[in-house]
Undergrad: 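This structure is in structure tokens; I'll ask about it shortly.
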Amino acid sequence: MSADATKKEQIVISAKALERFIAAIFSAAGCETGEAQQVAHYLLDGNLTGHDSHGVIRTSRYVSWIGERVFPGREVSIANDSGNMVVIDGNFAFGQVVGPKAVELGVARAKKHGVAVVAVRDSGHMGRIGTWAEMAAEQGIVFISFVNVRSSLLVAPYGGTERRMSTAPFTAGIPVTGTDPIILDFATSAVAEGKALVALRGGKPLPADVLIEPNGKRSSDPRVLYGDVSPTQVANPMNGAGALRALGEHKGSGLAFLVEILAGALTGAGCAGPLPRAYANNMLAIFMDPEALNGNSGYAEEIRSYVEFFKSSRPEEAEGEVLIPGDKERALRAERLANGIPMSPGAWKDLTATALRLGLSEDDIARLTTD
């Protein structure tokens, strides 16, 4: 582990060491070894792809939720099964346990029926949903999902200042034979809540107008969302007086509204508000076998041709490059696997404080984080 003074004193730690450390934290928090490793693995995937907002920075929050919002050792169950439409009850297991189960089931049913719809209720936080899109694409299956967070009012609708929606991410993954899949994954809020958490802990600052105060003033100060919080205190986004703004003005606000309806109401799980209900991630996911639509795989050639045409657009900046969804994540994964995961000192302090509270010693931390 080393400090990089040229990057505002960031901590840089290898992916292997960081995963080992996070797994040890979840083991100390009461998870069995396999579950702790699985949660750590998928959290790390957020960091590897550049989505630090959905990475290990969420560890202290997950730990604080154990026994209240998430329960180690829980397994998913089937609430309803009609063949190509299945409802899964996550039973408040870790989302990093629920997500792979949902993908496994959805892929199998899509390969059998051509298309499958999987609804997930009552999951712990599911992390970076793009991970599940990649998992389906690796098996040749198209993935489209809508996710909401019940009892997580964070986002103000267009034209409003008060919270009425969760960050409501939309995700799609499309496999392309012979090349990398197309992966689009974004929160329908102006930024993901986790990016505000990264900024709060001394990481990348927020853009100028992604938050809104009760008086309608736009802001980039994460305290609008969290209130005043100490460096070692678990930050709660429900404590601030303001809200995140919706992505893309009225268009993003409308998309977020539909995601809430599809993932919250249509699944029977519940929208973000206003009724007081247990916190949970809920997902409506569509899985499609492209071979069922185009048996000769001609779609892949069409996609490759269009990607080439799309990326041939003259870059806006002299040294710029036109990217398609998934390009940036793949490049960052390669770079971070080779050179390590950068973390702000504040985020690192939060992790080590959590480990110490759970009974790990300074020597344990040094051993776990040394390659």
Side-chain angles (χ1 to χ4, degrees), residues 46 51-55 57-58 60-62 64-65 68-70 95 123-129 146-171 185-201 203 206-229 233-265 269-283:
H51 296 279
D52 299 326
S53 58
H54 287 65
I57 198 169
R58 291 185 176 262
S60 62
R61 186 179 295 179
Y62 282 16
S64 74
W65 286 349
E68 295 181 2
R69 291 184 173 184
V70 68
S123 170
H125 185 262
M126 297 184 77
R128 174 183 172 251
I129 308 301
F146 311 89
V147 175
N148 86 319
V149 190
R150 191 179 62 217
S151 295
S152 178
L153 290 172
L154 296 175
V155 184
Y158 176 71
T161 63
E162 295 176 314
R163 305 176 183 206
R164 292 295 183 269
M165 300 177 291
S166 67
T167 54
F170 168 81
T171 305
D185 179 26
F186 61 89
T188 53
S189 51
V191 294
E193 181 268 322
K195 293 190 184 299
L197 180 61
V198 169
L200 182 73
R201 295 307 188 198
L206 294 173
D209 60 352
V210 297
L211 296 162
I212 188 165
E213 298 180 17
N215 62 5
K217 180 182 177 182
R218 297 179 181 183
S219 174
S220 63
D221 185 349
R223 291 176 296 179
V224 169
L225 201 63
Y226 300 100
D228 292 323
V229 57
Q233 182 182 356
V234 176
N236 184 346
M238 305 303 289
N239 288 345
L244 286 165
R245 297 181 62 235
L247 172 73
E249 306 296 343
H250 64 285
K251 295 180 181 180
S253 184
L255 178 57
F257 175 76
L258 286 181
V259 173
E260 284 286 350
I261 297 299
L262 291 168
C271 299
L275 298 176
R277 288 173 289 195
Y279 173 98
N281 273 202
N282 310 297
M283 177 172 72

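Remember, predicted model here, so these are calculated numbers, not experimental data.
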Undergrad: With a 3.5 Å distance limit and no angle check, can you tell me whether Arg163 reaches the backbone of Gly242 through a side-chain donor-acceptor pair?
TA: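 Present.
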Undergrad: CD/Glu193 to CZ/Arg61 distance, rounded to the nearest 0.5 angstrom?
TA: 4.0 Å
Undergrad: At their closest point, which heavy atom of Thr161 faces which heavy atom of Ala156, and how far apart are they?
TA: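 Heavy atoms only, the tightest pair is C-CB, 3.8 Å.
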Undergrad: Does Tyr279 have more than 12 heavy atoms from other residues, nucleotides or ligands lying within 6.0 Å of its OH?
TA: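 Atom OH in Tyr279 is crowded, with more than 12 foreign heavy atoms closer than 6.0 Å.
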Undergrad: Please assess Val210 against Lys195 for the test side chain to side chain contact (heavy atoms under 4.5 Å, CB included), listing each intermediate value before the final yes or no.
TA: CA-CA 11 Å; Val210 297; Lys195 293 190 184 299; over 6 Å; no
Undergrad: Once rounded to the nearest 0.5 Å, what's the spacing between atom OG1 of Thr171 and atom CE of Met126?
TA: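 Answer rounded to 0.5 Å: 10.0 Å.
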Undergrad: Is Arg223 atom CZ crowded by more than 12 heavy atoms from other residues, nucleotides or ligands, each under 6.0 Å away?
TA: no
Undergrad: When rounded to the nearest 0.5 angstrom, what is the spacing between CZ in Arg69 and OG in Ser64?
TA: 8.0 Å
Undergrad: Is there a donor-acceptor pair closer than 3.5 Å between any side-chain N or O of Asn282 and the backbone N or O of Ala265?
TA: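 No, Asn282 side chain to Ala265 backbone: no donor-acceptor pair under 3.5 Å.
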Undergrad: Using atom types as modelled and distance alone, determine if a side-chain donor or acceptor of Arg245 lies under 3.5 Å from a backbone N or O of Asp209.
TA: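 Looks like yes, one N/O pair under 3.5 Å.
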Undergrad: Tell me if a side-chain donor or acceptor on Glu213 pairs with a main-chain N or O of Val224 at a distance below 3.5 Å.
TA: no
Undergrad: Is there a side chain to side chain contact (heavy atoms under 4.5 Å, CB included) between Asn281 and Arg150 once you walk through the steps?
TA: CA-CA 6 Å; Asn281 273 202; Arg150 191 179 62 217; over 6 Å; no
Undergrad: Rounded at 0.5 Å granularity, tell me how far CG in Leu211 sits from CG in Leu154.
TA: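 Between atom CG of Leu211 and atom CG of Leu154 there are 10.5 Å.
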Undergrad: Quick one: does any side-chain atom of Ser60 pair with a main-chain N or O of Val234 as donor and acceptor, under 3.5 Å?
TA: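 Checked: no pair found.
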Undergrad: Does any non-hydrogen side-chain atom of Val229 lie less than 4.5 Å from one of Asn239?
TA: no
Undergrad: Rounded to the nearest 0.5 Å, how far apart are CG of Leu262 and CZ of Phe170?
TA: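 Between Leu262 CG and Phe170 CZ, I get 10.5 Å after rounding to 0.5 Å.
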Undergrad: For the residue pair Ala187 and Ala192, what are the closest heavy atoms and their distance?
TA: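 Shortest heavy-atom separation between Ala187 and Ala192 comes out as CB-CA, 4.1 Å.
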Undergrad: Measure across Gly194 and Ser53 and return the closest heavy-atom pair with its distance rounded to 0.1 Å.
TA: C-CB, 3.1 Å
Undergrad: Using side chain to side chain contact (heavy atoms under 4.5 Å, CB included), reason through Ser253 and Met165 one step at a time and then give a plain yes or no.
TA: CA-CA 9 Å; Ser253 184; Met165 300 177 291; 4.1 Å; yes
Undergrad: Closest heavy-atom contact between Ser219 and Asp221?
TA: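 Here Ser219 and Asp221 meet closest at OG-N, 3.0 Å.
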Undergrad: Check each of Val191, Thr188, Leu244, Val147 against Thr167 using the side chain to side chain contact (heavy atoms under 4.5 Å, CB included) test, and report the only one that passes.
TA: Leu244
Undergrad: Determine whether Leu255 and Phe186 satisfy the following criterion, side chain to side chain contact (heavy atoms under 4.5 Å, CB included), listing intermediate values before the conclusion.
TA: CA-CA 11 Å; Leu255 178 57; Phe186 61 89; 4.0 Å; yes
Undergrad: With heavy-atom distances below 4.5 Å as the criterion, would you say the side chains of Ile261 and Phe146 are in contact?
TA: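 A side-chain contact under 4.5 Å is absent here.
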Undergrad: For the backbone of Ala272 and the side chain of Glu260, can you confirm whether one donor and one acceptor N or O come within less than 3.5 Å of each other?
TA: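 Indeed, once roles are kept as given, a pair shorter than 3.5 Å links the two residues.
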Undergrad: Can you tell me if Glu162 has over 12 outside heavy atoms packed within less than 6.0 Å of its CD?
TA: no
Undergrad: Which atoms form the tightest heavy-atom contact between Ala246 and Gly252, and what is the distance?
TA: CB-C, 4.3 Å
Undergrad: Could you report the tightest heavy-atom contact between Ile129 and Pro169, atom names first, then the distance?
TA: CG1-CG, 4.4 Å
Undergrad: Distance check, rounded to the nearest 0.5 Å: Leu225 atom CG versus Ile212 atom CD1?
TA: 12.5 Å
